[in-house]
Each structure stands twice: as C-alpha cells, then as structure tokens.
Amino acid sequence: MPKKPRPSPATDNSLAAHQPGSGQMALKVDKGNAGELHQHIAADDERDGRAHLTDNFGHRIADNQNSLRAGTRGPTLLEDFVLREKIFHFDHERIPERIVHARGSGAHGVFECTHAIPELTKADIFQEVGKTCPVFVRFSTVAGGAGSVDTPRDVRGFAVKLYTEAGNWDLVGNNIPVFFIQDAMKFPDLVHSVKMEADRGYPQAASAHDTFWDFISLMPESFHMIMWAMSDRAIPRSFRTIEGFGVHTFRFVNAKGQSKFVKFHWKPVLGLQSTTWDEAVKIAGADPDYLRRDLYEAIDAGDFPQWDLGIQVFDEAFSAKQPYDVLDATKLIPEEDVPVEIVGRMTLNRNPDNFFAETEQVAYLPSNIVPGIDFSNDPLLQGRLFSYLDTQKSRLGTTNFHQIPINAPKCPFHNFQRDGMMQTLVPKGRANYEPNSLAEAGEDAGPRACPETGFTTFPANGERNDPTEKLRVRAALFADHFSQARLFYRSQTGNEQAHIASALVFELSKVTLDHVRARVVGQLRNIDEDLAKRVANGLAIDLPARIKPAKTPIDMAPSDALSIQKDARPDVRGRKVAILFAEGSDASAIDKLKKQIEKAGGSAFLVAPKVGGIPVSTGLLKADGQLAGSPSVLFDAVASVLTAAAAEKLTREGTAVQWFMDAYGHCKTIAHDEASQVLLDKAGVEPDEGIVALADFIKVGTQRHWDREPKVRDLA
C-alpha cells in the first residue's frame, strides 16, 4: 500500500509545532570575551528541535549575546541577519505608540552657538558664535505606556532635534550618561524584562518586579546603570532640572578630515534637582502629569528652560590609556579626566500647538547627523542606527514620515525617492533616477551628489581593531562591569548612598524569587561591601556570596560631578513655592513674600482651604489651588501666613497637618509666621536650619535640608 503523502507545510497554519520550547533543557553556562553570560544547549539535544533557539525562519542561532562586527572593536555588519531580524521584530511589536519612551512631553526652542569650534568640527552650527537653529525637544519616561504617570523611578529620555542649515541633527539620549547594555543585540531582552510581565500585564512603568531583576542579576554589565537608576537621578523634580547625555562616543571631523572623539552633555542652567521617593509616589497620585505640567506652565509663564551644551573631546591616544573602553556605552569619562567644555545654549521658548501632531509624531533618528559629526564603532549605537529608522515605519505607517512638519528639515531636501503611502509632495518631471541625461533635452535632471560638501564617513577603522575579521565577540576591556558602578556609588554623599540602598531594598522587596534577590546582592558586593550589607539587611536575608566578576574592579577617584547634592543650589530661581493662607490672613505679608519669590526668579502658588475669594485683611483673595488638591509634594518649598484662629482650626484638618508633615519629611524649607506654630507642632515639625521665619525665606532658599532626614525616616 503506497505511503500517504505528507501534507505541505503551506497548508498547515496551526503553527503548533513552532511554539517555543519548554525551557527545561540542560544548560551549559560559560562567559564570553567580556564576561557576558552565555547559556548553551548541546548539539544533540533535539526533542523535536524545540530546545534550539532559531530565527523566525528556523535558522539555529549560535550566539544570542553579540552582534557581528568587523573586528573586535569594529562596526556592526549589515549582513548580521540575526541582529536585524531580532531588532526588526522587536521594533514592530506594538502599534501605534512607541515601544519605549511612549510617554513624552515636548517643546520648541532655539540653539545658539556660544563658542565656535571649527578646529574640531566642520558642522555648520559650530562655525561661528551666535549661529542659531530651531530645535524640538522631547522628554520621556522609558518603561511605561503613553497613559502612565510622569514620576516613576525610571530613566528619562532627552531627545533633541536640531534643524540646522545642513539638515536635521538628532541627538537622541537620556538623563543618564550610561546605559544598561553594551550591545544592541540585548536591547529587546532588556525591554522585554522591564515591561509588564508577559503573563499578567503588570506592573506598568515599574522596574520593581521579578523579570527585570532576574535579567539584571545575570547581566553584570548593567550594574553601573543600576547605580544611576536607583539614585535620585531617576526621580527628577522637573524636566527643567535634568541633565542630558548623548550616551555614546561620537566623532567630530573638521574641514581637514581630522577626527577626534566626542561625548555630548546638556547641563541645566537651573542645576540638578530631584524628588525623594516618597514624594514621587505621592505626586503620582496628586498629579500624574506633574513633569509635563511643570514644563508647559514654565514656558507659558515665560520662564524658559535652558541648557548649556557641553562636549568632552579626546583622541585615540587618550582612549588607549583608559582602564575602560570608550566604545562601551555602560561607561562614562569622568569630567575630572576630560573637562566638559561649553559650546552652546539651548532655550525652550514655545509649547507645541498640538500634542499629537508634534510631540507624538516627532520621529528621532540617531542616524540623523550632519557633516562634521560621525559615528563611532560603539556596538549599541551601531544597532540604534538601524532600529530607529525601522521602527518609524511601524509607528507612523509610511516611509514618508519625514514629510510630517515636525520631522521635516528646515533646509531644502531633494532626492529621487518617490511615491509611498501618504505621499504629500508632488514631484514634477520624469527624472526619478540617476545618472540621466535629461538636461540635454531641456528637462529638469534632478539633484546630484557633491563629494566636497556631502556627508562622508570618517574612513579609519583600524584603531586597536582588525577590520579583516568578522567576529561575534566583545572587546576584552568591556569586561570591567563594576569599576564605574563603584565610582558612581562612592562619589555620592552619605545621604545619596542611603537613597540608593533604600531604592534597591524597595525594588528587590517586590521580587518574589529568592534566588534572584540573592544574586543581585551577590553582584552588589563587587560595587561596595557596605552597600551589599545594607541591602541584605533591608531585605532580612543573609549576605550571599560575592559573585566573581569577569574582571576585577579597580578604584577610581571620586567625581563630584556625579552627585546631585554636592552641586545643589539654594537659590529660588525656577522653583515653585506654595504659600498657605486662610480667612483673616495678612494680605500684605502674602504680597510681600510673593514679590520676593518672583524677584528671585521663582514662582509663588497660593493655596487655601477653598479656591474662591477668601476674606483676608484687605478684602478678598483668590487661591491658585485648594489645599486637598495642592499637596506640598508638588512644590519646592512652602510658607504659611495664617491667623492664630485659622491655624488652630487647621490643626483639626488632616490635609493641612499632612501638608506640613510631608514638607518636613521631604526636607524642604518651611517658612512661617508665629501664628502658624501650633499647626507645625501638630505636624511634628521640629526646629532646624530649614524651619525659618517668613522674613528669612529668600536667604535660606529652596534647598533640601538633608540633615533632617534621619529624624523622619529609616533608610537602608
């Protein structure tokens, strides 16, 4: 009897045989050239092939940790189909919001060159002092969806689109100068781990859960970033008071074709400022749009946020001497080693006219650079150059996304690209190719390339690299995962170190897998023994064994530039101060304090038990916000102008008592008159240098009084 023919795979769309493997296979674990973890299975582990990692077309994958590059430190190769498919699929997982950085806030502005650097770069914008160009900036959280809150513990995106005369330059970075991973191959894994857990769809916009910390505990390269993410940098007070970083090492190329490496920094003119974790949690409930509102209202009021653009410039000789690799995105260059030179200032001076058309549709591409700026071989950057362009097609639906006004360059653009979905241009003539000879017949022959003024890639690729090799490896110097994590932690004040330890305790308390918690603390012992002990004690677990690092960390000199508190500014400029008043309050005292705050560059916000006209000493005074709806967590400092009767009445109002308890607990300046003392006593406010008379408020300012913190909470 003849055998029944096997059905064609094309007729079977059940895909039952193509589900992922069970995950129960025996694993061989080893370390790569830079200490990255590889989990392998044996070649003879068949089980219907379900145990083998493959691409979407069934090709088995040999290395899921490293992208293919030309030499150990060379550029990533386009032929790496494993990387391209992995990133391609990841980029198109969700529509229509961004996979990451979905919740964003944007603003228009202008960039001005304040220090010309033609000796370093031929980039048009840096050729002369006073040269300007428009900008559009988008700030964002990373992990949460578009509808999440503004204040989770998270990295903040800091993306700047500069519309220069030579084309758009997109400097797409974060408020933290380093990143979690060294190779773009791992980006989908990182984001999958930090996003909502796949089986339950929560938590939203939070890293305090099993899958994130399981991934991190197995990725020593992430621990430098973890120190930053667990610090107060991840819970900023305002977009106006965060730094921005290009993260990667880029190149400057001058008119002579000479090149140096460069790192980009945005320094806020108002200085750095953060919240406490307790404030961030309470703000999320009081105002989920806190940072977005703050940015919008500041610009609307004419208090235009500003940042200075700084550069760190260095050459290959400097790079070769460092104990880290400048192409490693998990590392920074201490400002003490290469000082930041200020070359420009950015001012945000106009809110978007339409949130969707501008803030939501803006498309940033790290591949958008101009002549005079070029890429390095950073393997994370190399992957981003593909990923961002690819994802815009999924998110915006067309290759013509560059024609959306917010994305379109301000300078002319001409090419032979035609048609496509949602084409809005109407090219004339028949020249849609070149070379052509249509000009000989009197027709428009279209544009042509210009070797002299067009973008040319810096040609050298031999810096400590053999470009003749094609390898899936990382440079050996990438293996030092803990020296800079140690540098960051030991550069903080004791109070900031306590915040980091407490953040780790909070996050890991949400992890239900005991072995993951132990593994994280075992990794922390490579950063600082005291930190690991504090975290273990906070979790009530035994101190686990230290996990042996791929490369023994070294001690680097502390850097004050890495600390928020060491660079704190006590002034009122750009800060928001709440003034509490009630029936019978002294209007002249309120008016005097309000004028002092505004003269110092701050803004005053009047808070009262009711928002309508309240009878005060000279008539009716309207409040800007009602007491219950304007908790003190929304402000940088608070003041109280009350009568004795009003203060006594408010002692029976839980919201009023909590208002002062929070301000005191968050180490803020509290200014008050004598009559308010009964209310402060009820709230447990004890005298210190931050509890001042109304007349002394401007002198003390809006600084945090961190010496108070041990009195109000236990930190790890």
Side-chain angles (χ1 to χ4, degrees), residues 100-105 139-144 148-159 173-181 190-191 193-195 203-209 212-213 215-216 222-245 247 266 268 271-284 288 290-292 294 329-330 332 484-485 488-489 491-493 495-511 520 524 527 531 535 561-568 633 666 704 715-716:
V100 287
H101 298 277
R103 180 175 180 80
S105 303
F139 305 102
S140 56
T141 53
V142 175
S148 56
V149 300
D150 267 355
T151 56
R153 178 175 294 280
D154 200 356
V155 187
R156 295 310 190 280
F158 194 125
N174 291 324
N175 73 321
I176 291 175
V178 294
F179 201 60
F180 291 96
I181 53 174
L190 166 67
V191 177
S193 76
V194 77
K195 281 286 190 177
Q204 169 70 278
S207 55
H209 59 97
F212 175 72
W213 285 99
F215 178 78
I216 293 300
S222 299
F223 273 82
H224 186 197
M225 181 66 165
I226 286 297
M227 291 295 98
W228 287 80
M230 295 299 109
S231 79
D232 295 342
R233 299 264 184 162
I235 44 175
R237 154 65 180 87
S238 167
F239 290 135
R240 298 179 290 129
T241 56
I242 62 173
E243 289 183 316
F245 302 92
V247 178
W266 293 105
L272 287 165
Q273 193 178 18
S274 65
T275 63
T276 66
W277 175 238
D278 187 60
E279 280 180 296
V281 172
K282 290 175 176 174
I283 289 170
Y290 180 65
L291 299 184
R292 178 176 291 176
D294 175 81
T330 68
L332 55 78
Q484 290 208 355
F488 180 80
Y489 182 73
S491 297
Q492 309 302 301
T493 65
N495 178 262
E496 288 172 309
Q497 290 180 344
H499 289 180
I500 292 172
S502 297
L504 284 160
V505 169
F506 173 84
E507 297 261 327
L508 293 173
S509 72
K510 302 292 186 179
V511 173
V520 172
L524 292 177
I527 298 171
L531 171 63
V535 174
L562 304 181
S563 166
I564 295 176
Q565 292 182 18
K566 289 178 182 178
D567 194 34
V633 293
H666 299 146
R704 301 281 183 136
L715 294 171

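Predicted model, so just to flag it, every value in this text is computed and none were measured.
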| request: Answer yes or no: is there a donor N or O on one side and an acceptor on the other, between the side chain of Ser222 and the main chain of Phe180, under 3.5 Å? | output: yes
| message | Taking Ser148's backbone N and O only, do any of them form a donor-acceptor pair with Gln204's side chain (distance below 3.5 Å, no angle check)? | response | no
| field | Nearest-0.5 Å distance, CD1 of residue Ile527 to CD1 of residue Ile226 | value | 9.0 Å
| query | Quick one: does Arg704's side chain have a donor or acceptor within less than 3.5 Å of a partner on Gln565's backbone? | reply | no
| query | Do you know which two heavy atoms are closest between Met227 and Ile500, and how far apart they sit? | reply | O-CD1, 4.0 Å
| message | Can you give me the closest heavy-atom contact between Asp150 and Leu291, atom names plus distance? | response | OD2-N, 3.0 Å
| Roughly how far, to the nearest 0.5 Å, is CZ of Phe488 from CE of Met230? | 11.0 Å
| Looking only at side chains, do Thr141 and Asp154 share a donor and an acceptor under 3.5 Å apart? | no
| message | Distance check, rounded to the nearest 0.5 Å: Trp213 atom CH2 versus Ser207 atom OG? | response | 6.5 Å
| Could you go step by step and tell me if Phe179 and Leu190 meet the side-chain contact (heavy atoms from CB on, under 4.5 Å) rule? | CA-CA 11 Å; Phe179 201 60; Leu190 166 67; 3.7 Å; yes
| note | Between His209 and Pro203, the two heavy atoms sitting closest are CD2-CG, 3.5 Å
| message | Donor-acceptor pair, distance only, cut-off 3.5 Å: does the side chain of Arg103 make one with the backbone of His101? | response | no
| said: With a 4.5 Å cut-off on side-chain heavy atoms, are His499 and Trp277 touching? | reply: no
| query | Would you say the side-chain atoms of Gln273 pair up with the backbone N or O of Ala568, donor to acceptor, closer than 3.5 Å? | reply | no
| Any donor-acceptor pair under 3.5 Å from Arg153 side chain to Ile235 backbone | no
| Heavy-atom closest contact (Thr275 atom, Ala280 atom, distance) | OG1-CB, 3.8 Å
| message | Check Glu243 with Arg233, please: is the shortest side-chain N to carboxylate O separation under 4.0 Å? | response | yes
| At their closest point, which heavy atom of Ala501 faces which heavy atom of Val535, and how far apart are they? | O-CG2, 4.0 Å
| Polar side-chain atom of Ser231 near backbone of Trp228 as donor-acceptor pair, under 3.5 Å | yes
| Does the pair Val142 and Val194 meet the rule for a side-chain contact (heavy atoms from CB on, under 4.5 Å), with working shown? | CA-CA 10 Å; Val142 175; Val194 77; 6.0 Å; no
| Is any side-chain heavy atom of Tyr489 closer than 4.5 Å to a side-chain heavy atom of His224? | no
| query | Nearest 0.5 Å, what's the CG-CD1 distance between Asp294 and Ile283? | reply | 10.0 Å
| request: Could you check if a side-chain atom of Val520 sits within less than 4.5 angstrom of a side-chain atom of Phe223, using non-hydrogen atoms only? | output: yes
| query | For the atom pair OG1 (Thr276) and NZ (Lys282), what is the distance rounded to the nearest 0.5 Å? | reply | 8.0 Å
| task | Taking all non-hydrogen atoms of both residues into account, name the closest pair between Ala716 and Ser502 and its distance. | result | N-OG, 2.9 Å
| query | Aromatic rings Phe158 and Phe139: how do their planes relate, parallel, tilted or perpendicular, breaks at 30° and 60°? | reply | perpendicular
| Interatomic distance, Asp567 atom CG to Leu562 atom CG [nearest 0.5 angstrom] | 11.0 Å
| query | Can you check whether Met225 reaches Thr330 side chain to side chain, under 4.5 Å on heavy atoms? | reply | no
| request: Give a yes or no on whether the backbone of Asn174 and the side-chain of Arg156 come within a donor-acceptor separation of less than 3.5 Å. | output: no
